**Q** 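I'd like to ask some things about the structure below.
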Amino acid sequence: MKTLNDYNFNNQKALIRVDFNVPLNTDFEVTDATRIQAAKPTIIKILEDGGSCILMSHLGRPKGVEDQYSLRHIVDKVTEVLGVKVTFVADCIGDEVATAVAKLQPGEILLLENLRFYGEEKSGDVGFAEKLAAWGDVYVNDAFGTAHRAHASTAVIAQFFPEHKCFGSLLAQEIDSIDKVLNNSEKPVTAILGGAKVSSKIGIVENILEKVDHIIIGGGMTFTFIKALGGAIGNSLVEDDKLDLALEILEKAKANNTEIHLPVDALIADAFANDANTQLVATNEIPEGWMGLDVGPGTTKKFAEVIANSKTILWNGPLGVFEMENFSKGTISLGEAIATATANGAFSLVGGGDSVAAVKQFGFADKVSYVSTGGGAMLESLEGKTLPGIEAIIG
Ligand code: AMP
């Protein structure tokens, strides 16, 4: 795996695909600069080597040129986070960029306009990729968030840098973290899968079944398993067409000596609302008219014991409807258990959508080993798929 450390960027122009798809408020101010922060080590290493950086990214889902998606809105924030002045160019191909790139000196940074102002970016157009490729001596991919897309700037472009392409330090870290969990893991390995539906996690379960020792199931998908096992789940979330699949997973796990841990108690509610009436019951004894919206204290205790004995932990998906305060306790307790295990030497990776949001919201981001920056890319990696953005660098 070629990384930044394999290059000396002295006098080199590095063309870097970053993921600056950051949230903006109605005044076009950046409300969460995590993704800009995440790209900083790569950019600073290149500048410190004596190189210059040409940053390219997408922002949102524009249909053609739409000012609300212009990357000019984020220039000040990028300058602030990097501590180096960033010059914006109002296009990503063409004469204006050519002039700016020709003038670019070591230590300087250019930020190009939104790649997705051109439909050719998403369609993976080779000609467009070649135009972008003209701007750099070395291509660096540091955009994990889009590594699962075969777009012009994330994958297609790499063919124009047969000898001069590498991963940025963020992307290298993401690859390394997944590897530490799935391939080079210290045992016992525990995967916690929560969230809404079995159907969105099935690819992950199938890929990890043979690689992990324990799978903890939580969240809405619990009830598909409980119903498949003959339990009463009341009005809880369920996928009736996945009942056989749930049983199949349990069988396969048994055959692989992978222990599956299901919640034993549930905090149930008489409505999908924070102020609904609640009761604590066994997960398989939920009355009609009630639904499980969080795990109960018995489950929390049981899961914490498994986690305390794990050396490697993967967490994807909340254990309950954590967005509502009254149903967030299970997810918070899980975060605490993972934080404690991490402090005691375990490696913990949190990845994929809502668990990342939960970890940030409840203040665990600094207490786990690694929080992934990519939602879809992380899920596809955990499903065992080779990501086009990664393959393009390795290949
Ligand atoms: P996912 O994107 O699949 O990880 O699902 C995350 C969503 O699952 C969050 O919005 C949670 O509110 C939701 N969720 C977690 N537990 C439950 C539950 N018991 N019933 C319904 N939704 C849930």
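On a predicted model such as this, the values are computed, not experimentally measured, just so you know.
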**Q** Please determine whether salt bridge (charged side-chain N to carboxylate O under 4.0 Å, His left out) holds for the pair Lys77 and Glu80, giving the CA-CA distance in whole Å, both sets of side-chain angles, and the decisive distance to 0.1 Å.
**A** CA-CA 5 Å; Lys77 187 49 111 183; Glu80 180 192 318; 3.3 Å; yes

**Q** Answer with yes or no after comparing the ring centroid distance for Phe327 and Phe322 against a 6.0 Å cut-off, counting only values under it.
**A**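 Between Phe327 and Phe322, the centre distance exceeds or equals 6.0 Å.
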
**Q** Mind checking whether His164 and Tyr7 have parallel, tilted or perpendicular rings, split at 30° and 60°?
**A**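 Rings of His164 and Tyr7: tilted, as their planes differ by 30° to 60°.
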
**Q** Can you find a pair of side-chain heavy atoms, one from Ile36 and one from Val22, that are under 4.5 Å apart?
**A** yes

**Q** Any chance you could measure Leu171, atom CG, to Glu174, atom CD, to the nearest 0.5 Å?
**A** 7.5 Å

**Q** Check whether any side-chain heavy atom of Ile286 sits under 4.5 Å from a side-chain heavy atom of Asn235, and report yes or no.
**A** no

**Q** Within a strict 4.5 Å, meaning less than it, do heavy atoms of the Phe9 and Glu48 side chains meet?
**A** no

**Q** Which value, rounded to the nearest 0.5 Å, describes the distance between Phe364 atom CZ and Thr342 atom OG1?
**A**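 OG1 of Thr342 is found 10.5 Å from CZ of Phe364.
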
**Q** For a quick check under 3.5 Å, do Thr87 and Glu108 share a side-chain donor-acceptor pair by atom type?
**A** no

**Q** With rounding to the nearest 0.5 Å, note down the distance linking CG in Leu262 to CD1 in Ile217.
**A** 6.0 Å

**Q** Could you give the distance from CG (Asn8) to CG (Asp49), rounded to the nearest 0.5 Å?
**A** 4.5 Å

**Q** Do Arg17 and His58 have a side chain donor and acceptor closer than 3.5 Å?
**A** yes

**Q** Roughly how far, to the nearest 0.5 Å, is the CD1 atom of Ile313 from the CD1 atom of Ile192?
**A** 6.0 Å

**Q** Using only heavy-atom distances, determine whether the side chains of Asn141 and Lys165 contain a donor-acceptor pair under 3.5 Å.
**A**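 Note: Asn141 and Lys165 side chains miss the donor-acceptor criterion.
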
**Q** Answer yes or no: is there a side-chain heavy-atom contact under 4.5 Å between Ile268 and Pro287?
**A**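 When only atoms from C-beta onward are counted, Pro287 and Ile268 do touch, with a gap below 4.5 Å.
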
**Q** Hey, any chance Val84 and Leu15 share a hydrophobic cluster, counting ILVMFWY side chains that come within less than 4.5 Å of each other, even indirectly?
**A**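 Val84 does not cluster with Leu15.
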
**Q** Among the clusters formed by ILVMFWY side chains lying less than 4.5 Å apart, do Leu387 and Leu314 turn up in the same one?
**A** yes

**Q** Can you sort out the partners of Glu239 under side chain to side chain donor-acceptor pair (under 3.5 Å), two or more places apart, ordered by chain and number?
**A** Ser199

**Q** With sequence neighbours left out, which residue pairs that include part of residues 281-305 fulfil the side chain to side chain donor-acceptor pair (under 3.5 Å) condition?
**A** Asp265-Thr299

**Q** Are Met56 and Tyr118 grouped together when hydrophobic residues (ILVMFWY) are joined by side-chain heavy atoms under 4.5 angstrom apart?
**A** yes

**Q** Below 4.5 Å, heavy atoms only, C-beta onward: do Lys385 and Leu379 meet side chain to side chain?
**A**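 Of all side-chain heavy-atom pairs linking Leu379 with Lys385, none is under 4.5 Å.
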
**Q** For salt bridge (charged side-chain N to carboxylate O under 4.0 Å, His left out), just list the numbers for Arg35 and Asp19, CA-CA rounded to whole Å, side-chain angles, deciding distance to a tenth of an Å, and then say yes or no.
**A** CA-CA 7 Å; Arg35 287 179 164 168; Asp19 180 5; 3.5 Å; yes

**Q** Between Thr312 and Ser185, does any side-chain donor sit less than 3.5 Å from a side-chain acceptor?
**A** no

